[in-house]
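Order of appearance sets the numbers: ligands from 1, and atoms from 1 within every ligand.
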Amino acid sequence: MGILPPRTPEVLRRTASIYDRVRHVIPAAEWAVFADDVEEILRLKKERNAVILAHNYMRPEIFHGVADIGGDSLALAREAAKIDANIIVVAGVHFMAETAKLLNPSRTVLMPDMEAGCSLADSITAEDVKAMRARYPSVPVVTYVNTSAAVKAESDICCTSGNAKKIVESLGVPEVIMLPDEYLAQNVANETDVKIITWKGHCEVHERFTAADIALFREQNPGVVVLAHPECPTDVVAAADYAGSTAGMISWVGAHKPERAVLLTECSMSDNVAVTQPETEFVRPCQLCPHMKRITLANIRAALENMEHIVEIPDAVAAPARRAVERMIAVK
Ligand code: 13P
Ligand code: SF4
């Protein structure tokens with residue numbers, strides 16, 4: 001189904017309180033296009049007993065308009081495990097939907113677009129993990145959640161950008177294999193004594209930022225605070241004022257309330273944070289994640305209307321993959 005115009009001006013009136021929250025990041029003319037889908041999604045959620053989980057990279061009309069729970073990969077995984085609604089719609093990418101299914105297998109998990117992938121998840125297969133194990137026998141494998149369930153199933157434990165150092169150190173070993181994000185692994189290696197064997201995966205969004213970009217942002221925006229995601233190359237993280245997961249960046253901005261900030265991460269983050277942190281002016285280099293951007297109000301609505309697309313994981317993969325994710329969640 002395409003995006004429909006509002007059925008009547010009544011829809012705009014009924015959704016006005018939601019629009020009030022996002023009016024400084026969504027022009028009124030755009031909201032007029034979104035309002036009908038927003039209202040219908042809210043109705044369908046009730047009818048179906050569904051909950052929408054949204055990653056911080058969702059567009060603001062999704063993140064602030066229809067989502068029940070928003071957050072980084074770690075928060076979404078933790079929250080997914082607690083949901084008792086019948087249906088979980090994941091407004092995020094495929095690995096996030098798989099993680100939700102692993103942690104709450106009796107629920108129906110819907111993905112609005114099955115093609116919403118991730119360059120990191122695509123960079124490694126289960127066979128690759130087996131080959132790494134054969135090459136480094138007895139070295140534990142720490143796998144980033146940005147991977148398929150099949151890759152998680154070959155791993156000892158998962159991590160996210162929000163807990164990677166803690167997970168690596170929790171194992172109490174001198175050396176780990178950390179897959180598949182080379183930059184995340186190198187950034188963790190710079191903060192720990194544990195030796196880290198890396199893989200060649202990169203995030204196609206974060207690998208584009210450079211230290212020269214940071215120098216330019218600082219020159220053009222005096223006093224700007226630079227926050228970088230740890231999927232950025234190490235020289236970018238070194239040149240930033242803070243590095244952390246998407247939730248870490250949001251907390252940092254909330255705690256420090258900088259006058260001006262630049263978030264070296266996906267485009268929609270700045271819009272979403274600007275809604276809750278209006279006192280900070282965001283400098284916005286726009287790096288879109290084409291996978292995250294596949295999720296729209298229209299396909300969330302279609303997911304709920306048609307109960308599509310159902311995420312399934314074969315039992316033989318789900319059991320060991322779940323063990324790796326649950327082991328991560330258990331690390332305090
Ligand atoms: P976070 O876990 O920090 O939200 O990151 C997920 C992701 O896909 C970053 O590109
Ligand atoms: Fe994957 Fe990068 Fe997109 Fe995150 S931003 S989903 S890591 S490609």
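Between D72 and ligand 1, not a single N/O pair is under 3.5 Å apart. At a 3.5 angstrom cut-off on N or O pairs, S245 does not count as close to ligand 1. Taking only nitrogen or oxygen atoms, main chain and side chain alike, H229 reaches within less than 3.5 Å of ligand 1.
For N56, the heavy-atom gap to ligand 1 stays at 4.0 angstrom or more. Using a 4.0 angstrom heavy-atom cutoff, G162 does not count as in contact with ligand 1.
Interface of N146 with ligand 2, defined as ligand atoms under 4.0 Å from a residue heavy atom, comprises 7 (S). Remark: ligand 2 atoms within the under-4.0 Å shell around heavy atoms of L120 are 7 (S). Listed by number with element, the atoms of ligand 1 under 4.0 Å from a non-hydrogen atom of N146 are 7 (C), 8 (O). Interface atoms of ligand 1 facing Y57, defined by a heavy-atom separation under 4.0 Å, are 7 (C), 9 (C), 10 (O).
Residue nearest to atom 10 (O) of ligand 1, selected from H55, E231, M269: E231 (by heavy-atom distance). In this comparison of H94, M269, M292, the heavy atom closest to atom 6 (S) of ligand 2 sits on M292.
S245 approaches P230 most closely through the heavy-atom pair N-CD, 4.1 Å.
Given atom 3 (Fe) of ligand 2, the protein heavy atom at minimum distance is C289 SG, 2.4 Å. Here the protein heavy atom with the shortest distance to atom 1 (Fe) of ligand 2 is C118 SG, 2.4 Å. Atom 6 (C) of ligand 1 has as its closest protein heavy atom S73 OG, 3.3 Å.
Taking backbone and side chain together, C203 holds no N, O or S atom under 2.8 Å from atom 1 (Fe) of ligand 2.
Neither the backbone nor the side chain of E266 comes within contact range of ligand 2; no heavy atom lies under 4.0 Å. If you look at T160 next to ligand 1, there are no close heavy atoms at all, none under 4.0 Å.
Counted within 6.0 Å of CD on E279, heavy atoms from surrounding residues, nucleotides or ligands total more than 12; the atom is thus considered enclosed.
Between the side chain of T15 and the backbone N or O of V11, at least one donor-acceptor pair lies under 3.5 Å. At least one donor-acceptor pair closer than 3.5 Å links the side chain of D156 to the backbone N or O of V141.
In the model, H206 has a side-chain atom that pairs as donor or acceptor with a side-chain atom of T265 under 3.5 Å. Side chains of K332 and S170: no donor on one and acceptor on the other come within 3.5 Å. No donor-acceptor contact under 3.5 angstrom links the side chains of D72 and T246, judged on distance only. Side chains of D20 and S17: a donor-acceptor N/O pair is absent below 3.5 angstrom, by distance only. For the 3.5 Å distance criterion, the side chains of Y136 and E175 fail to qualify, holding no donor opposite an acceptor.
Checking each of V325, L179, I177, T143 against S155 for a side chain to side chain contact (heavy atoms under 4.5 Å, CB included) leaves exactly one that passes, namely T143.
By the 30° and 60° cut-offs, the orientation of the rings of Y242 relative to W252 is tilted.
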